[in-house]
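Structure first, commentary second.
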Amino acid sequence: MVRGTKRRRNSEEKSKTVITVNRDDTIPVDEDAAVGDSQMTTSKPFARLVGIRRGIATIDLIEDNFVCGRGSEESPVNYNFSSLSHDTGLYRFISKVQFAINRDSESHRIYLHDHSRNGTLVNQEMIGKGQSIELNNGDLISIGIPALIIFVYETTEDGQYPEELTKKYHVTSHSLGKGGFGKVLLGYKKSDRSVVAIKCLNTQFSTRCSRAIAKTRDIRNEVDVMKKLSHPNIVGIYDCIAVSKYSYMVIEYVGGGEFFSKIVDSKYNRMGVGESLGKYFAYQLIDAVLYLHSVGICHRDIKPENILCSDKTERCILKLTDFGMAKNGMKMKTRCGTPSYNAPEIVANEGIEYTPKVDIWSLGCVLFITFSGYPPFSEEYTDMSMNDQVMKGRLLFHSQWRHVTIETQQMIKWMLTVEPSKRPSAVELMSTEWMKCGDCRLAKQEIIKIYKPVTTTDIKNNNNITTAAAALANKKKRLQ
Ligand SMILES: Nc1ncnc2c1ncn2[C@@H]1O[C@H](COP(=O)(O)OP(=O)(O)OP(=O)(O)O)[C@@H](O)[C@H]1O
């Protein structure tokens, strides 16, 4: 499976999703721009560095050379990071001269020159001491490691966003990705500079476009579902601001990209991620689905593209996202999802009721790819139609599986049982011996570490959280 081929195939799959949506980008609304913290100056800045971390200012760039670092008598800087000395995790990475931003006087192109031994990263790629890179609007600047983002470089105030949004959040021009109905931008909460992702969705109602109506319903449903949830392996939602034809979903920032890119990474040589890492991921995903089903929610579109990685490390935390098709209920009829991940009872399309077991099937497909590097069901397998492959539960175990234990193979086959009543529930999966291995225990410890109990302030600020609080109390009991 060639990476590019797979990627293309998946975008085709996206378009085959039964509830399809427009691919239009959000057009910013005509209201006042976000002001940010720019220093007031008389000269016009050519760009600015938007501080994206607590303690870091937003800086207008006016001079052709601008130097940042800890600074010293011998190496003076234009901006010193002394305000970060309390932030030891970051401060230790900062050099006396970290990086310089230079504007070429002739071409007017802007370059970042890295002066640091620990390095400066642009868009999560290391530049390296002595090297330069041209900067473009929306670029992310981090120090030492990808996760330590400090600035977003902006040449324009890209969007104009409604006051309801900008009084609480700053929206940068750094794009995290594009979805079916808009884009996802990096932002931060003005109150504490915590980084967030802002999903900007164009919900314009048009009588000419019935899909827009479906998406409007989706967003409302997605937000309602997400507000009920609180789990370390599920992307959290902070806010949803709807103004005229736009909706802005402010959600937890998850910086490591899609799980899809991880499992098809060339370093795994299309052989799967290996038994140990695979189980580490499997535990997290099964726990997320167990939680979802315990609060009565069925996701209905589990696939690697809807799972995000917390960071770029190998053993990252996975977060399930995109609840646009999720349903609050135990019995469903609507045919939806993504064909190659859809359970046989959805593929059969007989208007027969199905249950949350459809998520177990989809998860089985995800784990099949995770362990082997190729999908269980695909239109590329030309000997049989994809519907037949799914309806028969036909699985091809190629040589990649020689490196996977029989127990793991059995577990995945069990999840891909055609008859829903014989397919395991998430509770049954969780209570198997398979889930008691060291890798699963490690995953469980990591989840407990990031588990944050709901506080009374949270409850005061958001009455929806009370449902989540009850769910979390159960969750905590389960984890102990
Ligand atoms: N919380 C987040 N943190 C960081 N990046 C994100 C986050 N959510 C989404 N992204 C990025 O934005 C891209 C698009 O996300 P989105 O959920 O809108 O896409 P989609 O699933 O294709 O859209 P749709 O909801 O229309 O199916 C993702 O692939 C991901 O790269």
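In listed order, ligands and their atoms are each counted from 1.
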For the 3.5 Å polar cut-off, considering only N or O atoms, please tell me whether [X] and ligand 1 meet it.
X      : result
Gly255 : no
Val254 : yes
Glu305 : no
Tyr253 : no
Glu252 : yes

Which ligand 1 atoms are under 4.0 Å away from a heavy-atom of [X]?
X      : result
Leu308 : 1 (N), 2 (C), 6 (C), 7 (C), 8 (N)
Gly177 : 12 (O), 13 (C)
Lys178 : 13 (C), 14 (C)
Ala197 : 1 (N), 2 (C), 3 (N)
Glu258 : 28 (C), 29 (O)
Lys199 : 16 (P), 17 (O), 18 (O), 25 (O)

Hey, are [Y] and [X] close enough side-chain-wise for a donor-acceptor pair under 3.5 Å?
X      : Y      : result
Asn118 : Ser116 : no
Arg423 : Thr355 : no
Asp311 : Thr313 : yes
Asn233 : Tyr291 : no

(Q) My understanding is that only residues two or more places apart in sequence, or in another chain, count here; which of them pass salt bridge (Lys or Arg N to Asp or Glu O under 4.0 Å) with Asp139? (A) none

Q | Side-chain donor/acceptor of Asn137 to backbone N/O of Thr155, under 3.5 Å | A | yes

Q: Would you check if the side chain of Lys279 reaches a backbone N or O of Asp439 as a donor-acceptor pair within less than 3.5 Å?
A: no

Q) About how many Å separate CG of Leu429 and CG of Leu367, when rounded to the nearest 0.5 Å? A) 9.0 Å

Q. Should one rank Asp322, Val184, Val196 by closest heavy-atom distance to atom 24 (P) of ligand 1, which comes out on top?
A.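 The option holding the nearest heavy atom is Asp322.
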
Q.
Please determine whether any non-hydrogen atom of Asn306 lies less than 4.0 Å from an atom of ligand 1.
A.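 Right, Asn306 reaches ligand 1.
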
Q | Derivation and outcome, side-chain contact (heavy atoms from CB on, under 4.5 Å), residues Asp265 and Lys262 | A | CA-CA 5 Å; Asp265 194 302; Lys262 190 171 195 89; 5.8 Å; no

